Amino acid sequence: MARHLITSALPYINGIKHLGNMVGSMLPADVYSRYLRQRGHDVLYICATDEHGTPAELAAKERGLPVDEFCAQAHDAQKAVYDGFALAFDYFGRSSSAENRDITQHFARKLNENGFIEERAIRQVFSPADDRFLPDRYVEGTCPHCGYDKARGDQCENCTRVLDPTDLIEPRSAISGSTDLEVRETKHLFLLQSKLQHEVEEWVSRHEQDWPQLASSIARKWLTEGLHDRAITRDLDWGVPVPADTWPELAAEGKVFYVWFDAPVEYIGATKEWADQDPENRDWKSWWYDADADVRYTQFMAKDNVPFHTVMFPATELGVREPWKKVDYVKAFNWLTYYGGKFSTSQKRGVFTDQALDILPADYWRYFLIANAPESDDSSFTWEHFTATVNKDLADTLGNFVNRVLSFSKKRFGEEVPAGAEAGEAEAKLGEEIAGLLAEYETQMEALQFRKAAAALRALWSAGNSYLEEKAPWLEIKTDPEAAALTLRTAMNLIHLYAVVSEPFIPASSAAMRAAFALPDDTATWITEAEAKALTTVPAGTPFTVPPVLFAKLTDEDLETYKERFGGSEA
């Protein structure tokens with residue numbers, strides 16, 4: 001059985017992320033990781049804060065803090081939010097770690113030995129007002145491709161095109177806002193991607209047929225346009241330093257590696273951080289070095305990160321000429337919009353993850369976001385859609401089913417699962433339906449089709465309600481208590497089944513459902529086809545309690561409160 005290595009795009013350190021960032025990387029990776037663990041696979045889910053580059057320096061400057069102190073605080077703040085969302089990382093590291101520094105420098109040395117790094121004199125933007133060279137993100141201006149007037153010097157946030165600062169129209173300093181910019185000569189290291197184009201094309205061609213069209217089309221677009229040699233160093237005070245033993249002059253000038261060179265290496269670095277916590281029992285190299293035989297590596301990211309993970313970092317790994325593990329499957333997402341406009345960290349537009357947790361528990365957000373994940377196209381967040389989904393799927397379909405079954409059974413039969421009659425034709429029919437729906441759910445989860453998996457899970461919940469309406473135990477109790485007891489016992493087994501299989505989506509609610517039954521030997525991590533058909537996991541006589549309401553219905557007043565706080569109106 002393959003081991004599963006899972007990573008999600010590293011969140012930038014410059015502030016709490018919005019819901020679009022959550023659904024485009026970390027949350028689906030967590031759902032998939034949880035599912036694989038439940039199915040018995042050996043899983044390692046790694047993520048980290050991306051702490052280098054201009055976003056960190058600018059955010060620290062804004063806060064009036066030294067950059068290292070700012071990053072330490074911001075890392076803890078982000079981790080607290082991810083804990084609140086119940087993201088079950090095996091390790092959540094920091095790209096400023098010593099491990100990442102050492103491995104990044106190792107990669108650079110090996111690339112240099114193999115002839116894929118070259119020192120070049122280039123002309124770079126210099127700001128007299130700031131008395132410094134301006135790295136790419138320190139320069140803002142108008143994108144020459146789409147006209148977006150807040151494009152950065154490394155990439156246009158609007159059209160995702162990769163840029164150089166000198167490409168921008170009407171450039172200005174992101175530090176001082178000065179437009180009095182000069183172009184001066186300085187030296188930097190370049191990764192000779194052009195020399196690796198053919199190898200990257202061959203590698204992509206072996207994998208792209210398995211990737212979602214979004215990922216493969218972006219990779220192919222970059223390759224068709226041709227890989228260009230790119231500078232991998234910057235003039236910054238904060239970053240992985242250029243090693244003095246290889247480039248003494250540049251090291252003396254304080255050059256650091258470009259964040260997009262060291263950030264992907266942090267997947268490896270964070271794994272080493274994880275292993276270094278328990279070196280006797282954890283072997284980081286078994287996941288990353290010469291691990292093709294038994295490790296399946298899946299990455300999760302939004303579409304703007306795809307080129308760096310499908311082309312640029314694979315080029316780096318290929319150029320190192322060592323057997324580092326390369327990604328097998330890239331799960332790429334489009335964007336979640338806010339009423340049709342982009343969520344934006346820099347413009348503080350939309351709902352941010354800490355704000356979301358202040359409003360409602362994580363399971364509300366987890367379910368909604370995955371059920372509406374922007375897989376085939378961009379999807380739009382609106383408060384109207386969120387409220388309707390919560391009320392229909394979570395409160396009415398699942399929550400109400402759990403509450404009315406357990407409450408009614410407690411009222412009429414006491415606090416133990418009633419025995420009742422033997423299962424009949426209706427129960428056999430239900431078991432077949434549940435087994436079929438469970439198989440569909442498994443199929444979609446295995447295929448990483450999250451919206452379809454959510455639809456299958458919703459159908460499982462709906463099947464219980466349909467069975468309950470058909471059997472109507474509130475009527476059966478009047479004429480045939482044994483039949484009513486059978487119906488309730490069967491429905492309680494459905495609740496337990498829901499608790500187990502819903503855990504990847506709504507872990508806290510699943511735990512509450514599972515804890516309702518006093519099953520001391522309940523170690524099941526999944527439900528087999530036979531168990532789904534039989535629906536006898538929770539036997540008669542099992543003590544149970546009625547948990548608090550799983551999901552509160554959201555009111556029109558709630559809706560108006562959210563819209564007033566965050567803005568938003570139907571287009």
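Remember, it's a predicted structure, so these values are computed and weren't measured experimentally.
Side-chain polar atoms of Ser96 and Glu51 form a donor-acceptor pair below 3.5 angstrom. A donor-acceptor pair shorter than 3.5 Å cannot be found between the side chains of Thr537 and His496. At a cut-off of 3.5 Å, with distance as the only test, no side-chain donor of His4 or Asp42 sits close to an acceptor on the other residue. Tyr297 and Thr7 are linked by a side-chain donor-acceptor pair at a separation below 3.5 angstrom, with hydrogens and angles left out of the test. Judged by distance alone, the side chains of Thr555 and Asp558 do bring a donor and an acceptor atom under 3.5 Å apart. Using a 3.5 Å distance cut-off with no hydrogens or angles, the side chains of Tyr329 and Gln299 do not pair a donor with an acceptor. Under 3.5 Å, the side chains of Asn281 and Asp278 contain a donor-acceptor pair of N or O atoms. Residues Asp396 and Asn391 bring no donor and acceptor atom of their side chains to less than 3.5 Å of each other.
Rounding to the nearest 0.5 angstrom, the gap separating the CD atom in Glu446 from the OG1 atom in Thr443 is 7.5 Å. Note that the OG atom of Ser407 and the CZ atom of Arg412 stand 13.5 Å from one another [nearest 0.5 Å]. Atom OG1 of Thr104 and atom CZ of Arg101 lie 10.0 Å apart (nearest 0.5 Å). Here the straight-line distance linking atom CG of Leu369 with atom CZ of Phe505 works out to 11.5 Å at 0.5 Å rounding. With rounding to the nearest 0.5 Å, the separation of CH2 in Trp260 from CD in Gln155 is 8.0 Å. Taken to the nearest 0.5 Å, the OG1 atom of Thr387 stands 15.0 Å off from the NZ atom of Lys392.
Using a 4.5 Å heavy-atom threshold, the side chains of Glu157 and Lys342 count as touching. Side-chain atoms of Ser97 and Glu266, non-hydrogen and from C-beta on, do get closer than 4.5 Å to each other. The side-chain heavy atoms of Cys71 and His52, taken from C-beta on, include no pair separated by under 4.5 Å. Side-chain contact between Leu44 and Ile6 is absent, with no heavy atoms from C-beta onward closer than 4.5 Å. Inter-residue side-chain proximity for Arg404 and Leu468 is flagged as met; some heavy-atom pair is nearer than 4.5 Å. Within the 4.5 Å cutoff, no side-chain heavy atoms of Tyr45 are placed close to those of Leu5. Side-chain contact between Gln444 and Arg451 is absent, with no heavy-atom pair separated by less than 4.5 Å. Contact of the Met26 side chain with the Asn21 side chain is registered, since non-hydrogen atoms from C-beta on lie closer than 4.5 Å.
Ring geometry for Tyr267 versus Trp288: interplanar angle under 30°, hence parallel rather than tilted (30 to 60°). The aromatic rings of Phe92 and Tyr82 sit perpendicular to each other, their planes meeting at more than 60°, with 30° as the lower class boundary. Ring geometry, Phe551 versus Tyr364: the interplanar angle exceeds 60°, so the pair is classed perpendicular (tilted spans 30 to 60°).
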Carefully, step by step, assess Glu470 and Ser466 under the rule side-chain contact (heavy atoms from CB on, under 4.5 Å). CA-CA 6 Å; Glu470 177 187 344; Ser466 297; over 6 Å; no

Take Thr490 and Tyr467, measure what side-chain contact (heavy atoms from CB on, under 4.5 Å) needs, and give me the verdict at the end. CA-CA 9 Å; Thr490 303; Tyr467 169 76; 3.5 Å; yes

Please step through salt bridge (charged side-chain N to carboxylate O under 4.0 Å, His left out) for the pair Arg94 and Asp50, ending with a clear verdict. CA-CA 7 Å; Arg94 302 180 59 187; Asp50 182 359; over 6 Å; no

Assess whether salt bridge (charged side-chain N to carboxylate O under 4.0 Å, His left out) is satisfied between Glu384 and Lys563, documenting all intermediate values. CA-CA 9 Å; Glu384 291 83 359; Lys563 292 177 66 177; 2.7 Å; yes

Intermediate values then yes/no, salt bridge (charged side-chain N to carboxylate O under 4.0 Å, His left out), Arg296 and Asp328: CA-CA 6 Å; Arg296 178 169 174 79; Asp328 294 299; 5.0 Å; no

Given the rule in the ring pair (Phe, Tyr, Trp, His ring centres under 6.0 Å) test, do Phe566 and Trp383 qualify, once you have shown the distances and angles that lead to the verdict? CA-CA 9 Å; Phe566 295 97; Trp383 287 108; 5.5 Å; yes

Can Thr310 and His207 be said to form a side-chain contact (heavy atoms from CB on, under 4.5 Å), step by step? CA-CA 10 Å; Thr310 60; His207 294 83; over 6 Å; no

Please evaluate residues Asn403 and Val546 with respect to the criterion side-chain contact (heavy atoms from CB on, under 4.5 Å), reporting the C-alpha separation (whole Å), side-chain torsions for both, the decisive distance (0.1 Å), and the verdict. CA-CA 7 Å; Asn403 183 264; Val546 182; 4.2 Å; yes

Could you check Asp378 against Lys303 for salt bridge (charged side-chain N to carboxylate O under 4.0 Å, His left out), going step by step and ending with a plain yes or no? CA-CA 10 Å; Asp378 292 350; Lys303 58 186 176 183; 3.3 Å; yes

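A pairwise comparison of heavy atoms in Pro507 and Ala86 identifies CG-CB, 4.0 Å as the closest pair. Of all heavy-atom pairs spanning Ala499 and Ser510, the tightest one is O-CB, 3.1 Å. When all heavy atoms of Val330 and Pro212 are compared, the closest pair comes out as O-CD, 2.9 Å. Looking at every heavy atom in both residues, Ala459 comes nearest to Leu437 through O-CD1, 3.6 Å. Across every non-hydrogen atom of Ser509 and Leu550, the tightest pair is O-CD2, 4.2 Å. The two residues Leu357 and Val81 make their nearest non-hydrogen contact at CD1-O, 3.7 Å.
Of the options Tyr339, Tyr338, Phe368, Tyr562, a ring pair (Phe, Tyr, Trp, His ring centres under 6.0 Å) to His385 is made by Phe368 and by none of the others.
A centroid separation of less than 6.0 Å is found between the aromatic rings of Trp365 and Phe386. Less than 6.0 angstrom separates the ring centroid of Trp526 from the ring centroid of Tyr35.
Note that Lys325 lies outside the cation-pi zone of Trp287, set by a 6.0 Å cut-off to the ring centre and a 45° limit from the axis.
Note on residues 509-530: pairs passing salt bridge (Lys or Arg N to Asp or Glu O under 4.0 Å), not counting sequence neighbours, are Arg514-Asp522, Glu529-Lys533.
For Lys326, the NZ atom counts as densely surrounded, since its 6.0 Å shell holds more than 12 non-hydrogen atoms of other residues, nucleotides or ligands.
Partners of Pro543 under the side-chain contact (heavy atoms from CB on, under 4.5 Å) rule, at least two apart in sequence or in another chain, are Ala518. Residues passing the side chain to side chain donor-acceptor pair (under 3.5 Å) test with Arg458 are Tyr367, Asp393, sequence neighbours excluded.
In this structure, Lys553 contributes its side chain and Val390 its backbone to no donor-acceptor pair below 3.5 Å.
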